[in-house]
Amino acid sequence: MKRLFNLADSEYQFWKPFDYHGTEIHFEHLVARKHTYVHPQRNEQYTLYITLSHHVFTVDPDKSKDPYGPQIYPHKPEDPRAFCPTRYALSFHLAHILETLPEQFCYHGGYSRYCTCKLEDDDGNEIFYQVVFRVWKEQGKMRFHVESAYPLPGRPAKVKKVNFWVICHNLLNNKKLPKPSSK
């Protein structure tokens with residue numbers, strides 16, 4: 001497949017269909033995308049080149065709860081991951097989450113990663129869905145990579161909000177990215 005944008009990580013731009021116990025699973029909703037966010041007060045706009053990892057629809061094979069046994073998604077032999085129907089179903093929410101990042105609750109997730117986790121299921125129940133991402137600049141482009149996304153068993157521990165606009169502004173202007181405050 002032709003890459004959407006000229007970046008080195010072509011394997012993250014498209015995910016190949018997968019045969020899961022006789023059903024072909026498609027990943028069009030996880031195709032890389034470019035999204036521009038316009039700051040409401042500043043005269044700035046931020047175009048993010050967004051890619052998503054297979055960790056948003058897979059789990060460690062040892063943690064697979066598949067009643068038929070773990071079925072490995074063929075990506076990288078050095079990183080075997082089992083297809084996870086639960087994560088796959090939740091991944092359909094990622095497009096909306098990514099489009100509305102300025103309104104999402106972002107917090108520092110450690111190791112230069114940021115997280116967001118607020119989701120409502122179809123019945124209106126709150127799900128704590130942790131979306132782990134990192135940002136950087138590459139070839140002058142503002143990169144945004146979703147490294148993983150998974151449901152949490154409960155509300156995350158006390159975390160301090162990180163302003164999405166500050167992340168983007170600092171990235172655009174080659175400034176240090178926000179870090180968690182130390183007490």
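For reference, positions follow the sequence shown, starting with 1.
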- Message: Tell me whether the count of non-hydrogen atoms from other residues, nucleotides or ligands lying under 6.0 Å of CZ in Phe92 goes above 12.
- Response: yes
- Query: Quick one: does Arg143's side chain have a donor or acceptor within less than 3.5 Å of a partner on Glu138's backbone?
  - Reply: no
- Task: Report the distance from atom OG1 of Thr51 to atom CG of Leu30, rounding to the nearest 0.5 Å.
- Result: 11.5 Å
- Item | Met142 side chain reached by Val135 side chain, heavy atoms, under 4.5 Å | no
- Item | Side-chain donor-acceptor contact under 3.5 Å, His145 with Glu147 | no
- Worked check of side-chain contact (heavy atoms from CB on, under 4.5 Å) between Arg155 and Glu126: CA-CA 10 Å; Arg155 183 178 297 279; Glu126 191 172 45; 3.8 Å; yes
- Message: Can you confirm whether Lys65 sits close enough to Val59 that some side-chain heavy atom of one is under 4.5 Å from a side-chain heavy atom of the other?
- Response: no
- Query: Is a donor on one side and an acceptor on the other found under 3.5 Å between the side chain of Arg87 and the backbone of Thr58?
  - Reply: yes
- Give a yes or no on whether the backbone of Asn125 and the side-chain of Asp123 come within a donor-acceptor separation of less than 3.5 Å. no
- Might you confirm whether atom NZ of Lys137 has over 12 heavy atoms from other residues, nucleotides or ligands at distances under 6.0 Å? yes
- Query: Same cluster for Phe105 and Leu90 if Ile/Leu/Val/Met/Phe/Trp/Tyr side chains link at under 4.5 Å?
  - Reply: no
- For the residue pair Ala82 and Pro70, what are the closest heavy atoms and their distance? CB-CB, 3.7 Å
- Determine the minimum heavy-atom distance between Asn170 and Lys176, stating which atoms define it. ND2-O, 2.7 Å
- Message: Tell me if a side-chain donor or acceptor on Gln71 pairs with a main-chain N or O of Asp19 at a distance below 3.5 Å.
- Response: yes
- Query: Above 12 or not: heavy atoms from other molecules or residues under 6.0 Å from NE2 of His96?
  - Reply: no
- Message: Using the rule that Ile, Leu, Val, Met, Phe, Trp and Tyr join whenever any side-chain heavy atoms are under 4.5 Å apart, tell me whether Tyr114 and Leu152 fall into a single cluster.
- Response: no
- Query: Just by distance, do the side chain of Lys160 and the backbone of Tyr107 share a donor-acceptor pair under 3.5 Å?
  - Reply: no
- Message: Let me confirm one number: the CZ-CZ distance from Phe18 to Phe27, rounded to the nearest 0.5 Å.
- Response: 7.0 Å
- Query: At what distance, to the nearest 0.5 angstrom, does NZ of Lys161 lie from CD of Gln104?
  - Reply: 9.5 Å
- Test item: Tyr37 side-chain N/O and Leu48 main-chain N/O as donor-acceptor pair under 3.5 Å: no
- Item | Side-chain donor-acceptor contact under 3.5 Å, His169 with Asn163 | no
- Do Tyr49 and Gln13 meet the criterion of a side-chain donor-acceptor pair at a distance under 3.5 Å? no
- Query: How long is the span from the CZ atom in Phe14 to the CD atom in Glu28, to the nearest 0.5 Å?
  - Reply: 10.5 Å
- Message: Using every non-hydrogen atom in the two residues, find where Gly109 and Cys115 come nearest and quote the distance to one decimal.
- Response: CA-SG, 3.7 Å
- Query: Does Leu177 share a hydrophobic cluster with Phe164, counting links as ILVMFWY side-chain heavy atoms below 4.5 Å and allowing steps through other members?
  - Reply: yes
- Task: Compare all side-chain heavy atoms of Lys34 with those of Lys141 and state whether any distance is below 4.5 angstrom.
- Result: no
- Assess whether side-chain contact (heavy atoms from CB on, under 4.5 Å) is satisfied between Glu120 and Ile127, documenting all intermediate values. CA-CA 6 Å; Glu120 235 178 58; Ile127 295 174; over 6 Å; no
- Name the orientation class of the two ring planes belonging to Phe83 and Phe57 (parallel below 30°, tilted from 30 to 60°, perpendicular beyond 60°). tilted
- Item | Distance, nearest 0.5 Å, that separates NE2 of His75 from CD1 of Ile72 | 13.0 Å
- Query: Using 30° and 60° as the class limits, which term best fits the ring planes of Tyr46 and Trp165: parallel, tilted or perpendicular?
  - Reply: tilted
- Message: Which heavy atom of Pro178 sits nearest to which heavy atom of His108, and what is that distance?
- Response: O-CD2, 3.6 Å
- Task: Report yes if the distance between the aromatic ring centroids of Tyr88 and His29 is under 6.0 Å, otherwise no.
- Result: yes
- How many angstroms lie between CD1 in Ile25 and OH in Tyr20, if you round to the nearest 0.5 Å? 8.0 Å
- Leu94 versus Tyr129: any side-chain heavy-atom pair under 4.5 Å? yes
- Message: Less than 4.5 Å apart, side chain to side chain, heavy atoms only: is that true for Leu101 and Phe144?
- Response: yes
- Task: Treat each ILVMFWY residue as a node, draw an edge where side-chain heavy atoms are under 4.5 Å apart, and state whether Val146 and Phe128 are in one component.
- Result: no
- Taking the side chain as C-beta and beyond, is there a heavy-atom pair between Tyr150 and Val132 under 4.5 Å? yes
